[in-house]
Amino acid sequence: MSGNPAVLMRLVASAHSVAEKAGSIVRKVLHSGELGIVEKTGANDLQTLADRMAQQSICASLSRRFPKITIIGEEDLPAEEIKDDLIENGHLEEILQKTCPAEYSGLKEEEIVVWVDPLDGTKEYTEGLLDNVTVLIGIAYGGRAIAGIINQPFYNYQLGAGAHLGRTMWGILGLGAFGFQLQEVQGDRRIVTTTRSHSNKLVTDCVDAMEPHEVIRVGGAGNKIIQLVEGKASAYVFASPGCKKWDTCAPEAILHAVGGKLTDMHGNAYCYNADIKHMNSAGVLATLRNHEYYVSRVPQSVLQALKSD
């Protein structure tokens, strides 16, 4: 092996800095007070200036350094010249010091697909529920989510002035996950986290079928996976087709890197190839442990309503 780090490690190291840059953009737009909100398909599907600028920053920064990777972003933006101040050229050196898992050491740029959600939890962002907000950069190869970066731009915001705002967690399959302390829900309590703003009878029936001791309703797919790996919830249950590949790619990679699992409601894995449809049509079921229990509890009515891809 030469001293030149594998493409995957260089990509993750860059994406870490790029996600932090996007997080700072998200904070800056909020502090400006000019959110530039537009409705995409309705009041629960919003886009802000922060979504647009953060995506431009992420996609332009990564594609300049890795011109052959495929990048798929949530926001449908017109092609335009990206201002230099949106470009992030840095990388986290600590990631380059780690050894790339052998199965990914020979990956080429053109084999990699990057799924980007520049601001996950947009509705919560506009409502001031800032701990729900994340920036998601997911990296896929051969249809699998193999690496992910989650930035929480407002982590610690409740602590007020003087607190260090924001954090970034990252993970690679076969290497592990970093930037947080892995914890599990204490005892045998079943705590289910589910959608805050996209609920319906199907979603509620499915959550109830898990016989949870507690239900937490919050925004953002990234935020819900953070709850799983930090011991605040034992399962993320969303029996609805509302989630997309850019919502789940990065969180799935981090969850899988610590031994967890994310599937559709049937227990089937999602595919992250570039030509795949964007919607996670058969819902999302994610756990840190005991995935089979939760899959076994999914009602027949949900399985019939949500056809697996």
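Because the structure is predicted, anything quoted here is derived from the model rather than measured. For reference, positions follow the sequence shown, starting with 1.
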Donor-acceptor contacts under 3.5 Å from residues 217-227 side chains, at least two apart:
from, atom 1, to, atom 2, distance (Å)
Asn223, ND2, Gly219, O, 3.0
Lys224, NZ, Val218, O, 3.0
Lys224, NZ, Gly220, O, 3.3
Gln227, OE1, Thr193, OG1, 2.6

Have Asp205 and Ser301 got a donor and an acceptor in their side chains that come within less than 3.5 Å? no
Sequence neighbours excluded, the answer for ring pair (Phe, Tyr, Trp, His ring centres under 6.0 Å) partners of His278 is Trp115, Trp246
- request: Report the relative orientation of the aromatic rings in Tyr236 and Phe238; use parallel for angles under 30°, tilted for 30 to 60°, perpendicular for over 60°.
  value: parallel
Taking the six-membered ring of Phe178 as reference, does the NZ or CZ atom of Lys98 fall below 6.0 Å from its centre and within a 45° cone about the axis?
yes
- Message: Salt bridge or not between Lys232 and Glu230? Use side-chain N to carboxylate O under 4.0 Å.
- Response: yes
| query | Does Arg297 reach the main-chain N or O of Ala209 with its side chain, forming a donor-acceptor pair under 3.5 Å? | reply | yes
Quick check: does any side chain N or O of Tyr125 sit under 3.5 Å from a backbone N or O of Val26, one acting as donor and the other as acceptor?
yes
query = Will you find, in the side chains of Thr168 and Asn151, an N or O donor that is under 3.5 Å from an N or O acceptor?
reply = yes
**OP:** Would you mind checking if Glu74 and Lys244 are paired as a salt bridge, meaning a charged N to carboxylate O distance below 4.0 Å?
**Re:** no
Is there a donor-acceptor pair under 3.5 Å between the side chain of Thr194 and the backbone N or O of Val237? yes
Sequence neighbours excluded, the answer for side chain to side chain contact (heavy atoms under 4.5 Å, CB included) partners of Ala305 is Leu202
